[in-house]
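Worksheet for the structure shown next.
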Amino acid sequence: MTDLLRSYGRGLSWIFVSLTAFWILVLIVLPQGFMLETSLWDINRDDQLGMKIDRAYSDLGLLEYDVTAAAEADKPAIQAKIDALQSEIADLESQETDPPREYGIQNYTKMSSLHFMIFVKSIVYALMVTALALVVCYPIAFAIAKVAPPQRAALMLLGLVIPYAINELLRVYAWLMILDYQGVINSVLMWLGMVEFADKSWIPFLEYSGSVFVALIYAYVLFMIFPIYNTVDTLDRNQLEAAKDLGASTFKIHWRIVIPHAKPGIAVGCIMTFMLSVGSYSVPQIMTRGKSGDWFSQLIYRQFFEAQSWNVGAAYSFSLVLVCLAFILIMMKVFKVGIRDIAK
Amino acid sequence: MRGKDVQLRDVVMRFGSFTAVQKTNLTIEAGEFFSILGPSGCGKTTILRMVSGFMEPTEGSILIGGDDMRGLGPAKRPTALIFQNLALFPLMSNWENVAFGLEARGIDKTARRAKAYELLSMVGLEGHEEKTPAELSGGQKQRVAIARALAVEPAVLLLDEPLSALDLKLRQHMRAELKEIQNRTGVTFIFITHDQGEALTMSDRIAVMKAGVVEQVDTVDNIYANPKTPFVATFVGENNVLEGKVTRADAEYAAIETPYGEVRGLNQDALTAGDRAMLFVRPERTALVNGVIPENHFEAAFERRDLEGAYVNLFFRGSAGPIIVHQPNIGMHGHLDGNTRVGFNARDALVMRAGEVDND
Amino acid sequence: MAVTTADGTIGPKARADKGGIAWSSVILNCYIGLFFIYLFAPLAVMSLAAFNAYEYPSVTQWRGWTLHWFGELAQDDRILQGIVNSLTVAVGVIVVALPLGLSGAMILTRLNSRYNNMLYAVLVSPLLMPGIVLGISTLIFWGRAGVSGGLFLTVVAQASFVASYCMLLFMARLQRQDRVLEEAALDLGASSFFMFRRVTLPFLRPTLITGAVISFLQSIENYNTTVFAIGGDWTLVTEIGSRFRFGLSPVINVIGVLFVLVTIVAAVAYTIHKERERKRKSIR
């Protein structure tokens, strides 16, 4: 703090501190906090409430009639009843407009078995996407960093960036066109005489979860390649040559030298890919178009915009945060990297 | 005369439990070329940063021209600092660098440009005004840094080993140039260095520091001729050292017991018999015994001879350690071999209380 | 482990490896080729369909070349408005995210406290959280304050994570800064504002530009966060998203073609610029 103050004086330091505080509080901590809070209650709506209010009003009408007809001596007693009834009505009505909140973890525990299955499926698929993306990307990252001559490596990097500058939705949409009922693959199969469009004997790729899988990998491979590339790139080429010179096999060189060096990059790549896959709304939304099973992110979307149950949606959303957090911690433990190595 | 005096009163600087500067009192006269000399980590840079305002002393006060500087940041002090790596702004042209302090004071562009051009010509950089620092040589960058510091018309110029990055020839040239600029401007110069040659050639007075303590403040001549501590004696210039117990002492001379027998020198610390003492004698006051026999003399084995140009270094090894003799190179190199007798006069040697010496 | 025979020549194991290496490079090259086909083929399919006269996006049912869908796009008001909205949001995100990212980076690089790692973790956490979560939490929080979904909330939700990107960029740059330059400026009598404007900001200028470009791209591209925060409004991307539900049309492919064209032009321009810079430097 004194360092900051001495260099930048009170004015600038105050600006830096307050902007950062604003960012942390208003954009990060408070939204997450309110989401957590929202996930911890639901509204206990009394189904009988409307009927109770109606009954109270009719009672009130009767009493008001009574009070005009009654003898002077009875009036105070009836008036007292009217007052009591009126306050009861006010109470019931406030319950209707602002129903009481019931706090607890019910939004988490009462997840239906269907939703829970989707939750688990999304995690398992995201893990598989991550593992597969790692296998697919590692050779590419290594080739660009250490095998290709500089000019070609630059060209390959450009080749990687171009598809990623194109919108995620459009990239996924391209796969939709390939896997659609009358898409590229089915058309090729028809040309080979294996399927027929006329009797709809095409292969319904989009109804398989595998299509989401393919598109997820396509959508997020870059997030695996770049972190790995960045770490492998810093590896001294002499180490590889020394190992080769000592007669190490290709497998051994990678297992003993390249991969240990690339650990932080692999960890980051896996974290990013997993996080993007498990939380992806766009990819399943486009690929399935409601024709195959839901993805957990779609479930969350529907809680907000179709079922209007924000409390449940918040709980599902927070579950997703916990899953990502757990994954990050596991990766940090497994690869023995610190928070500073992550997110570079 | 534009310079101001700088006073350190009971200044102490601590970083946590580490004391970088022990209680120090120091007065630097206005218009003086003052050097603070010491090995790295002795606290000299800390003093510089306290004077320039980048640090506040833990205790005590710093006065410039009689004004207490406590609470004033570097921008508010009448000092300018020339950094070790010069810290020229790489994205600005040379004249913009020089004019930076004026720009910060809100002086309009034509005026500050004129001033910057004038200062650059004063340091001999006409024609380089519109270039960037990256296009200049090391010595030219040095001059831009000096011009930039002088542009704010400081009363005190602080120099943090600014010559250390230059090669030897240029360094010697810049010494003369710095001294010249100091004479012309009358600004107080406080020069930080670990190079005793630099300090001796340029300064009026020198403070020698060791481990956060100012060991001696004196004129250049006195620092060299009358060092007050074993550290100063060995850090500034070279000295032959003999160590032993005092056997006899009077007001003027003290004799110590060494493997060569009793040797005698000036008794500067008023030592008495039995004290542990060190005797220092400069190599140029040590000679080969030849004809006239000096009071102190002994045998030592000749090891080698280094030619330094104007003089010759002769290395010997006696039973109490190495002995160096500097001889003017006047073409008399007799054949040296085996054991040779070397010696020195008692009035050329200093006997002082034993202490820590510079080991380099 | 080198297998060396008694006479010192390289043994059969190493020789076999040499042969293996030649093979492995062939395999690697094939693999790279396949990988790039995998990357680009879908884009080619998508682009081609934009020129097909058939009203359902397809490349296999070819009804002849046409530019009809381009004209259709030019008259599609929702898409055009979506582009305007996307640009508005992107500018808003740049304005919010750059100062936040810079402040965070300043504090993290200038502050040496025990809490640094924790602060760092909090400030990068939006990058490690699924996009939908950011959209949802923003929607809930601002909903409580009476602000409902729309362009404003979209800016806020996107800025929360785009600022993290900016912060990482600024931190990388600040770590290479020579702090002595700032001290020199102060010593010459500069106020901290003046020093910041004249010394620190010029040093950060390249990063400010990169940060703005990356913020812009991230914002334009974003769907997962935006779809929750956008409310009744729409951006180009959410509009495309909703088109997938309500009938596909080659107009979307036309947008895809335009994206591809803009990207390629930008990539080529960038490469030429880089090449020129390299030449200019080598002349010096």
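None of these values were measured; they are calculated from a predicted model. Chain identifiers are assigned alphabetically (A, B, ...) following the order of the sequence lines, protein sequences preceding nucleic acid strands; residue numbering begins at 1 within each chain.
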Answer with side chain, backbone, both or neither: which region of A:Ile178 has an atom nearer than 4.5 Å to a non-hydrogen atom of chain C? side chain

Pick one of side chain, backbone, both or neither for A:Ile225, based on which atoms fall under 4.5 Å of a heavy atom in chain C. side chain

Could you tell me which portion of A:Leu276 (side chain, backbone, both or neither) has an atom closer than 4.5 angstrom to a non-hydrogen atom of chain C? neither

When rounded to the nearest 0.5 Å, the distance separating CD of A:Gln303 from CD1 of C:Ile136 is 10.0 Å

Of the listed A:Val321, A:Leu30, A:Ile144, the one with the largest count of heavy-atom pairs under 4.5 Å with chain C is A:Leu30

Return the option, out of A:Val26, A:Val278, A:Val136, with the maximum number of heavy-atom pairs under 4.5 Å with chain C. A:Val136

Based on non-hydrogen pairs under 4.5 Å, which of A:Gly11, A:Ala143, A:Ser187, A:Ser282 is most in contact with chain C? A:Ser282

Would you say that C:Phe141 contacts A:Met35 through its side chain, given a criterion of any heavy-atom pair below 4.5 Å between the two side chains? no

So which part of C:Pro126 gets closer than 4.5 Å to some heavy atom of chain A, the side chain, the backbone, both or neither? side chain

Side chain, backbone, both or neither: which part of A:Met190 has a non-hydrogen atom closer than 4.5 Å to chain C? neither

Euclidean distance, A:Cys324 SG relative to C:Leu128 CG, rounded to 0.5 Å: 9.0 Å

Is C:Phe193 close to A:Ile15 at the side-chain level, that is, under 4.5 Å between some pair of heavy atoms? yes

Kindly assign one of parallel, tilted or perpendicular to the pair A:Trp175 and C:Tyr38, based on the angle between their ring planes and the thresholds 30° and 60°. tilted

Between atom CG of A:Leu170 and atom CD1 of C:Ile240, what is the distance when rounded to the nearest 0.5 Å? 4.5 Å

A:Leu325, part contacting chain C, at a heavy-atom distance under 4.5 Å: neither

Heavy-atom closest contact (C:Glu182 atom, A:Tyr8 atom, distance): OE2-OH, 2.6 Å

Quick one: pull up CG in C:Leu236 and CG in A:Leu169 and give me the separation to the nearest 0.5 Å. 9.0 Å

Step by step, would you call A:Phe16 with C:Arg110 a side chain to side chain contact (heavy atoms under 4.5 Å, CB included)? CA-CA 11 Å; A:Phe16 291 146; C:Arg110 300 291 191 259; over 6 Å; no

In short, side-chain hydrogen bond (donor to acceptor under 3.5 Å, both in side chains) pairs touching residues 126-145 of chain C with sequence neighbours left out are A:Gln32-C:Ser137, A:Glu37-C:Arg144, A:Thr38-C:Arg144

What do you reckon, is CD of A:Glu306 surrounded by more than 12 foreign heavy atoms closer than 6.0 Å? yes

Sort out for me which of A:Leu158, A:Val29, A:Ile162, A:Val184 touches chain C most, counting heavy-atom pairs under 4.5 Å. A:Ile162

Atom OH of C:Tyr31 with >12 non-hydrogen neighbours under 6.0 angstrom: yes

Side chain to side chain, C:Pro42 and A:Tyr173, heavy atoms closer than 4.5 Å: no

Working to the nearest 0.5 angstrom, can you tell me the gap between C:Ser47 OG and A:Ile166 CD1? 7.0 Å

So which part of C:Met195 gets closer than 4.5 Å to some heavy atom of chain A, the side chain, the backbone, both or neither? side chain

Does any heavy atom of chain C fall under 4.5 Å from the side chain of A:Leu12, the backbone, both, or neither of them? both

Who passes ring-ring contact (aromatic ring centres under 6.0 Å, His included) against A:Phe305, sequence neighbours left out? A:Tyr301, C:Phe228

Interface moiety of C:Val227 toward chain A, non-hydrogen atoms closer than 4.5 Å: both

Do the non-hydrogen side-chain atoms of A:Trp23 and C:Ser164 ever get within less than 4.5 Å of each other? yes

Check step by step if side chain to side chain contact (heavy atoms under 4.5 Å, CB included) holds for A:Thr20 and C:Leu100. CA-CA 6 Å; A:Thr20 307; C:Leu100 294 185; over 6 Å; no

Look at C:Asn222, C:Val122, C:Val237 and state which one has the largest set of heavy-atom pairs under 4.5 Å with chain A. C:Val237

Is the number of heavy atoms from other residues, nucleotides or ligands within 6.0 Å of CH2 (A:Trp14) greater than 12? no

Applying a strict 4.5 Å limit to non-hydrogen atoms, the region of C:Thr271 in contact with chain A is side chain

With a 4.5 angstrom heavy-atom cut-off, is it the side chain or the backbone of C:Leu119 that approaches chain A, or both, or neither? side chain

Residue part contacting chain A, namely of C:Asn29, when any heavy atom lies under 4.5 Å: side chain

Relative to chain A, which of C:Leu28, C:Leu39, C:Val59, C:Ile220 shows the most heavy atom pairs under 4.5 Å? C:Leu39

In terms of heavy-atom proximity below 4.5 Å to chain C, should A:Met272 be classed as side chain, backbone, both, or neither? side chain

Can you tell me if CZ on A:Arg256 sees more than 12 non-hydrogen neighbours from other groups inside 6.0 Å? no

Is there a side-chain contact between A:Ser297 and C:Pro130, using heavy atoms and a 4.5 Å cut-off? no

Given C:Ala267, C:Ala105, C:Ala163, the one with more heavy-atom pairs under 4.5 angstrom with chain A than any other is C:Ala163

Verdict with supporting geometry, C:Ser125 and A:Ile28, side chain to side chain contact (heavy atoms under 4.5 Å, CB included): CA-CA 8 Å; C:Ser125 67; A:Ile28 301 175; 3.9 Å; yes

Has C:Asn224 got a side-chain atom pairing as donor or acceptor with A:Tyr281's backbone, closer than 3.5 angstrom? yes

Can you tell me how far CG of C:Leu123 sits from CD1 of A:Ile24, rounded to the nearest 0.5 angstrom? 4.5 Å

Please state whether the side chain, the backbone, both or neither of C:Thr200 comes within less than 4.5 Å of a heavy atom of chain A. side chain

Less than 4.5 Å apart, any side-chain heavy atom of A:Tyr316 and any of C:Val133? no

Got A:Leu27 and C:Phe161 here, is their nearest side-chain heavy-atom distance under 4.5 Å? no

Show your working on side chain to side chain contact (heavy atoms under 4.5 Å, CB included) between A:Phe304 and C:Ile140 and close with a plain yes or no. CA-CA 10 Å; A:Phe304 277 88; C:Ile140 291 176; 4.1 Å; yes

How about A:Asn167 and C:Tyr223: does a side-chain donor come under 3.5 Å of a side-chain acceptor? no

Decide yes or no for A:Met177 and C:Asn253: does some side-chain heavy atom of the first lie under 4.5 Å from some side-chain heavy atom of the second? yes

Under 4.5 Å to a heavy atom of chain C? For A:Val188 that would be neither

Please look at C:Leu217 and chain A and tell me whether the side chain, the backbone, both or neither of the residue comes under 4.5 angstrom of a heavy atom of that chain. neither

Could you tell me which portion of C:Glu221 (side chain, backbone, both or neither) has an atom closer than 4.5 angstrom to a non-hydrogen atom of chain A? both

In terms of heavy-atom pairs under 4.5 Å, which option from A:Gly159, A:Ser277, A:Ala314 contacts chain C the most? A:Gly159

Tell me, side chain or backbone of A:Val161 under 4.5 Å from chain C's heavy atoms, or both, or neither? neither

